Protein chains: 2
Amino acid sequence: MTETVQRPTLEAVAARAGVSRATVSRVVNGGDGVREPLVERVRRAVEELGYVPNQAARSLVTKRHDAIAVVVAEPETRVFADPFFALQLRGISKELTAHDNQLVLLLTEGRDDHARVGRYLAGGHVDGALVFSLHLDDPLPGLIQRAGVPTVFGGRPGWSDGTSGVVYVDSDNRGGAREAVRHLVGLGRTRIAHITGALDQTSAVDRLDGFRDVMADVDPRLIAEGDFTPAGGERAMRELLDRCPGLDAVFAANDLTAAGALRVLREHGRRVPEDVAVVGFDDMLPVAEQTDPPLTTVRQDIEEMGRLMARLLLRGLDRLHPDEGHDPAVGAPASVVTPTTLVRRASA
Amino acid sequence: MTETVQRPTLEAVAARAGVSRATVSRVVNGGDGVREPLVERVRRAVEELGYVPNQAARSLVTKRHDAIAVVVAEPETRVFADPFFALQLRGISKELTAHDNQLVLLLTEGRDDHARVGRYLAGGHVDGALVFSLHLDDPLPGLIQRAGVPTVFGGRPGWSDGTSGVVYVDSDNRGGAREAVRHLVGLGRTRIAHITGALDQTSAVDRLDGFRDVMADVDPRLIAEGDFTPAGGERAMRELLDRCPGLDAVFAANDLTAAGALRVLREHGRRVPEDVAVVGFDDMLPVAEQTDPPLTTVRQDIEEMGRLMARLLLRGLDRLHPDEGHDPAVGAPASVVTPTTLVRRASA
DNA sequence: ACCTCCTGCGAGAGCGCTCTCACCTGCGCC
DNA sequence: GGCGCAGGTGAGAGCGCTCTCGCAGGAGGT
């Protein structure tokens, strides 16, 4: 645990290179408008002294921080039990890093934390925020919007009516669900059930909508409410089996739910996929690959979603290097819905 | 994506309260040495203006940032596929938040990133670092130590000889392994095999050592090398079954490995736990609870480890509030090894 | 009554940087 | 040959805060 040492300042570099502070500053920030020999001398001085700009001093005058907050509202442990979060974070990190921005992570624990996060964001410590809010009634998004911090949401916020200025990145839950159900239909299944996710989350609602898109006049008894957990999947599966013993397929709102359903099916002596075909959602690898049989499921490119969120935010902040080659006619960033793909394994 | 607005300064608060900047500063930072009526007036002015201190300006003079970097070296995706990381992060976040420190997340992707991280840490942007390095040959820890940033490691670094100033928090891998194996012995098993983890990681080595502690003169053919993945577990299990068909128990280096082993055992018609008892490690819930049969495994309090890491670091930085009530005779922080507990489920 | 001491508050410097502006070249041009 | 006009460079202010002083003014001692 060594103590931090005295670090060289711009002044020191200037002295060593025999130029003014201003010139060093110019070189450090790109070097335009400085003649080559001087640039070289300054570069060497920087090198020799191991100079690293003091971000605090810089921020003080530029009012930029080159830092983005990632806010993860996490009322439930569930969020943490899956690799989602980590992958998304990785995508975000990659994109931010590529543009020299730091990632400040804000995890919230219950309502008390909301004020803290609000204060932090409003405090102007970061240039923008990426916010994950899963629940329809989460006060956090509103709080953040009011803080006046440029924000991109992960997952469609519940109150977003699609027209307000809300920018979000979400996977095509509805389309993915449709594809999953169509796959089951294509398999010749006719009594297709759905176990929903926690319906206070837009992803669950969207997947249910996708199911309904395909199964327009479905018997309502073929829909059972789950909560994205294996236990919820078991419970719902029992209900379904009880209500509709003749069902021949199940589309589960996520892989965890599907895993629970699978267990109940086996318990009841139903063979998968022969008697009942099962499709999940998420392609959560440690689960989907380990179930018996391995799960056919809908994959989303989580990491890409994270990257996209960051990119959208940075673009909104005009923080992207011009040489990145985006469509030049870029206006205000708009929400993005990323595609899903069906991964066929053994369960359907 | 609203733009950030002009925020009130100390000066503004001072004017409004009719006092000097210095007095406002004092109040904002605890309010000692300011008489009650003034404190009250300043508080009100702060409230009315919605004043939030500018951290950049503050850092500039205090040379403190109230920010801690969390560095996750992540050469493999594996790290991300499990909930470990998220839980640890949560523990860290809680502790840092409790002491008003921010969490700056640095994920590294391959060697190129090491320089970047080194530069960042050496750049004095944060007060300390929490570093997760899993591999024996990882250059990152050395790099960080050289950067002169107070650091606490997550997991025992490979090159730590126990005497150098390295501070780390690790779970009692060796002790946990001993407990697991003793449990198997207690079950009357005599031909106990071990599937190791990736042996370039200290946790794998320590678990193997724990196994050997109990099974002193074990037949070397009862030890097969895995890599912490289900596929590795399958491979190793096949080897073991091939070499020692008479084995009656397996201690797997982690739950993923155990899940793989479980599958191969079933494939070979061995009943678990009747024919072969299986114990895992980690108590990675989505895996351990979902296997068939549910896995007996060794649990570690991941979140607490994270919290501990943060606490150790903050203590080293004298960043802990005095009223926290630690042992008063606290010297330089020392490494901590956290206990494990055996969780008995059905597999052993 | 005086002096000392302490406590509470304000003045002001300065943290390390950026950025505006003025200056100073050297060039082409009339 | 003088003038204008670049473009390159330096001087200096100032970002918002903390912290050291120094100076009041009241309490306490003699």
Side-chain angles (χ1 to χ4, degrees), chain A residues 4-43 45-46 49-67 100 102 120 122-127, chain B residues 4-43 45-46 49-67 100 102 122-127 319:
Chain A
T4 357
V5 288
Q6 182 63 29
R7 314 187 330 86
T9 72
L10 247 205
E11 190 78 52
V13 178
R16 178 155 195 129
V19 296
S20 74
R21 263 186 356 253
T23 298
V24 177
S25 178
R26 278 187 269 261
V27 171
V28 169
N29 294 289
D32 325 317
V34 180
R35 255 187 287 252
E36 196 42 49
L38 270 199
V39 172
E40 196 40 49
R41 237 162 65 207
V42 171
R43 288 255 160 79
V46 166
L49 295 171
Y51 170 76
V52 183
N54 180 322
Q55 185 59 40
R58 179 179 280 174
S59 293
L60 187 53
V61 28
T62 58
K63 275 131 177 35
R64 284 186 31 175
H65 302 85
D66 295 318
D100 286 314
Q102 294 310 319
Y120 183 76
H125 301 297
V126 293
D127 302 325
Chain B
T4 357
V5 289
Q6 182 61 28
R7 313 189 329 86
T9 73
L10 246 205
E11 191 79 51
V13 177
R16 177 154 196 127
V19 297
S20 73
R21 263 183 359 255
T23 298
V24 178
S25 177
R26 278 187 270 259
V27 171
V28 169
N29 295 288
D32 325 317
V34 181
R35 256 187 287 251
E36 196 43 50
L38 271 200
V39 171
E40 196 40 50
R41 238 163 63 207
V42 171
R43 288 254 161 80
V46 165
L49 295 172
Y51 170 76
V52 183
N54 179 321
Q55 185 59 41
R58 180 179 279 172
S59 293
L60 187 53
V61 27
T62 59
K63 275 130 174 41
R64 284 185 33 174
H65 302 85
D66 295 318
D100 286 314
Q102 294 309 321
H125 301 296
V126 291
D127 302 325
R319 200 57 58 81

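Chain identifiers are assigned alphabetically (A, B, ...) following the order of the sequence lines, protein sequences preceding nucleic acid strands; residue numbering begins at 1 within each chain. Computed from a predicted model, the values in this text were never measured in an experiment.
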Distance-only donor-acceptor hits, side chain of residues 26-38 of chain A, under 3.5 Å, sequence neighbours excluded:
from: A/Asn29; atom 1: OD1; to: A/Arg58; atom 2: NH2; distance (Å): 3.3
from: A/Asn29; atom 1: ND2; to: A/Ser25; atom 2: O; distance (Å): 2.7
from: A/Asn29; atom 1: ND2; to: A/Ser25; atom 2: OG; distance (Å): 3.4

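A straight line from CG of B/Leu10 to C1' of C/dG12 spans 15 Å, rounded to a whole angstrom. Rounded to whole Å, the distance from CG on B/Leu49 to C1' on D/dG16 is 15 Å. Protein atom CG of B/Asn29 is 17 Å distant from nucleotide atom P of D/dG16, rounded to whole Å. We find that NE2 of A/His125 is positioned 14 Å from P of D/dG16, with the value rounded to whole Å. Computed from coordinates, the B/Gln55 CD to D/dC17 P distance equals 10 Å when rounded to whole Å. Between the P atom of D/dG10 and the CZ atom of A/Arg26 lies a distance of 8 Å, rounded to the nearest Å. The CD atom of B/Glu36 sits 16 Å away from the C1' atom of C/dT7 (whole-angstrom rounding). Separating the CZ atom of B/Arg41 from the C1' atom of C/dG8 is a distance of 13 Å, rounded to the nearest angstrom.
For B/Ser25 and D/dC17, the shortest distance from a side-chain N or O to OP1 or OP2 is not below 4.0 Å. Residue B/Thr23 places at least one side-chain N or O closer than 4.0 Å to OP1 or OP2 of C/dG10. Residue B/Arg58 places at least one side-chain N or O closer than 4.0 Å to OP1 or OP2 of D/dT18.
Residues B/Arg16 and B/Ala45 share a closest heavy-atom pair of CG-CB, 3.8 Å. Contact between A/Pro8 and A/Leu49 at its shortest, heavy atoms only, is CG-O, 3.3 Å. Of all heavy-atom pairs between A/Asp66 and A/Asp100, the closest is CB-O, 3.7 Å. Residues B/His65 and B/Asp127 approach most closely at N-OD1, 3.0 Å, considering heavy atoms.
Judged as a side chain to side chain contact (heavy atoms under 4.5 Å, CB included), and not counting sequence neighbours, B/Val61 has no contacts. Every residue two or more places apart in sequence or in another chain was checked for a ring-ring contact (aromatic ring centres under 6.0 Å, His included) with B/Tyr51, and none qualifies. Legend: residues meeting salt bridge (Lys or Arg N to Asp or Glu O under 4.0 Å) with A/Glu40, ordered by chain and number and at least two apart, are absent.
When the local axes at the two ends of the helix from C/dA1-D/dT30 to C/dC30-D/dG1 are compared, using 5 base pairs at each end, they differ in direction by 40° after rounding to 10°.
Checking A/Thr62 against B/Ala22, the closest nucleotide of DNA chain C that is more toward the 5' end is the one next to B/Ala22. Mapping A/Val28 and B/Val24 onto DNA chain C via the closest heavy atom, the residue that lands nearer the 5' end is B/Val24.
With hydrogens and angles ignored, no donor-acceptor pair closer than 3.5 Å exists between the side chain of B/Arg7 and the base of D/dG16.
Side-chain contact between B/Asn54 and B/Thr9 is absent, with no heavy-atom pair separated by less than 4.5 Å.
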What pairs of nitrogen or oxygen atoms, one from the protein and one from nucleotides 13-15 of chain C, lie under 3.5 Å apart?
from: C/dA13; atom 1: N6; to: B/Arg21; atom 2: NH2; distance (Å): 2.9
from: C/dC15; atom 1: O3'; to: B/Lys63; atom 2: NZ; distance (Å): 3.3

